[in-house]
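Heads up, the thing below is written out as structure tokens.
Reckoned from all heavy atoms, side chains included, excluding hydrogens, waters and symmetry mates.
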Amino acid sequence: FLAGLFFALLMTGSAPAGPSADLLTRHLEAGTLEDGIAAITGDDAEASAARGTLKFLLAIEHAGQALHRHGLEVSGGARMGLPILRLPVPPNPNPQKLDYAGFRAIFARVVEDLAAAEAELAKVGTGDVKLPIDLLKIRLDLDGDGRASDYESLGAMVSGMMPMDAPGNTAIAFDTADVYWLRGYGNFLGAFSQVLLAHDFQAMFDKTFHIYFPRSGLPYADK
């Protein structure tokens with residue numbers, strides 16, 4: 001879904017920066033999302049859009065870190081065609097054990113994080129915002145090592161998922177229409193997570209999810 005996010009946002013144009021733009025850019029490109037949320041202290045529409053964007057990406061980062069921690073593999077035949085579970089997390093040679101309760105906890109956190117992003121983005125209302133963002137330079141700390149490396153940039157991830165020449169200009173103006181789009185996308189991901197949590201799928205999880213988490217101690221991993 002990162003590729004879809006990338007191309008959807010790329011349809012907008014560039015724009016001059018506002019007061020929250022420098023902080024947003026700095027923390028997006030450094031991959032210091034939580035620091036950025038704390039640093040943007042304004043209460044205007046632009047500040048809410050910047051914080052909400054960081055909170056949305058933090059939800060994705062938290063999910064990626066959890067999936068990496070348990071050794072999710074999404075390449076080749078193990079690719080899972082479901083939202084969130086297609087995150088291109090780096091390989092983990094020493095994954096932690098995972099069970100059904102732990103897997104559900106990952107999605108409970110997703111719901112909580114996306115709700116926080118939605119609450120912030122909703123404050124924008126119809127306010128006029130234009131935040132310049134260079135999509136390829138956005139970084140997420142997906143392996144949870146405390147720093148967002150070059151290979152964890154959105155550009156590297158999109159290139160890995162869809163080998164192609166990078167667009168010449170990936171700077172966009174993240175505006176009010178994009179805020180509405182991001183809220184809708186967040187609601188979709190949150191609803192998917194809630195539907196998953198509303199069902200008891202332990203039997204399926206125990207018997208099949210070793211395909212995606214082959215070294216996390218699931219019951220059928222060695223069968």
Residues two or more places apart in sequence or in another chain: which of them pass side-chain contact (heavy atoms from CB on, under 4.5 Å) with Phe192? Leu82, Pro83, Phe107

Once you round to the nearest 0.5 Å, how far does CG of Leu114 lie from CG of Asn187? 8.5 Å

Please check this pair: side chain of His70 against backbone of Gln96, looking for a donor-acceptor N/O pair closer than 3.5 Å. yes

Where the side chain of Ser193 meets the backbone of Val111, is there a donor-acceptor pair that is under 3.5 Å apart? no

Heavy-atom pair of closest approach, residues Leu140 and Leu33: CD2-CD1, 3.8 Å

Under 3.5 Å, is there a donor-acceptor pair between the side chain of Asp175 and the main chain of Lys130? no

Nearest atoms (heavy-atom pairs only) where Ala117 meets Gly52: CB-O, 3.9 Å

State plainly whether one hydrophobic cluster holds both Phe174 and Tyr180, where clusters connect Ile, Leu, Val, Met, Phe, Trp and Tyr through side-chain heavy atoms under 4.5 angstrom apart. no

Atom CG in Asp150, atom NZ in Lys137: separation rounded to 0.5 Å? 12.0 Å

Is there a side-chain contact between Leu54 and Leu24, using heavy atoms and a 4.5 Å cut-off? yes

Start with the C-alpha distance between Tyr100 and Phe209, add both sets of side-chain angles, then the distance that settles ring-ring contact (aromatic ring centres under 6.0 Å, His included), and finish with yes or no. CA-CA 10 Å; Tyr100 178 63; Phe209 272 56; 9.1 Å; no

Assess whether side-chain contact (heavy atoms from CB on, under 4.5 Å) is satisfied between Leu154 and Leu136, documenting all intermediate values. CA-CA 5 Å; Leu154 185 56; Leu136 289 183; 5.8 Å; no

For the atom pair CD (Glu73) and CZ (Arg215), what is the distance rounded to the nearest 0.5 Å? 5.0 Å

Please confirm whether the backbone N or O of Gly127 pairs with a side-chain atom of Thr176, one donor and one acceptor, at under 3.5 Å? yes

Who are the side-chain contact (heavy atoms from CB on, under 4.5 Å) partners of Glu120, not counting sequence neighbours? Ser48, Arg51, Lys55, Lys123

Closer than 4.0 angstrom, basic N to acidic O: yes or no for Arg139 and Glu152? no

Least distance between heavy atoms, Leu196 atom then Arg104 atom: O-NH1, 4.1 Å

On the 0 to 90° scale, with breaks at 30° and 60°, tag the Tyr185-Phe56 ring pair as parallel, tilted or perpendicular. tilted

Does any pair with a residue in residues 185-207 pass salt bridge (charged side-chain N to carboxylate O under 4.0 Å, His left out), and if so which ones, sequence neighbours excluded? none

Working note: Asp141 + Arg147, criterion side-chain contact (heavy atoms from CB on, under 4.5 Å); need CA distance, chi angles, decisive distance, verdict. CA-CA 6 Å; Asp141 177 20; Arg147 62 190 184 90; 5.8 Å; no

If we only count heavy atoms from C-beta on, is the Val110 to His62 side-chain gap below 4.5 Å? no

Got a donor-acceptor contact below 3.5 angstrom from the His27 side chain to the Thr32 backbone? yes

Closest non-hydrogen atom pair, Leu121 against Ala49: CD2-O, 3.9 Å

Check whether any side-chain N or O of Asp143 sits under 3.5 Å from a backbone N or O of Pro90 as a donor-acceptor pair, and report yes or no. no

To the nearest 0.5 Å, tell me how far Leu72 CG sits from Ser216 OG. 9.5 Å

Any idea how Phe205 and Phe103 line up, ring-wise: parallel (<30°), tilted (30 to 60°), or perpendicular (>60°)? tilted

Tell me whether Leu197 is reachable from Phe188 by hopping between hydrophobic residues (I, L, V, M, F, W, Y) whose side-chain heavy atoms are closer than 4.5 Å. yes

First locate atom CG of Leu58, then atom CD of Gln65, and finally report the distance between them rounded to the nearest 0.5 Å. 8.0 Å

Heavy atoms of Ile40 and Ala50 approach each other most closely as CD1-CB, 3.6 Å

Do Met204 and Phe213 sit in the same hydrophobic cluster, where Ile, Leu, Val, Met, Phe, Trp and Tyr count as joined when their side-chain heavy atoms come under 4.5 Å apart? yes

Using 0.5 Å steps for rounding, measure from the OG atom of Ser153 to the CG atom of Leu28. 12.5 Å

Please check if Ile211 and Leu87 belong to a single hydrophobic cluster, counting links between Ile, Leu, Val, Met, Phe, Trp and Tyr side chain heavy atoms closer than 4.5 Å. yes

Between Asp113 and Arg109, does at least one N-O distance fall below 4.0 Å, as a salt bridge requires? yes

Kindly give the heavy-atom pair with the smallest separation between Leu142 and His68, and that separation in Å. O-CB, 3.5 Å

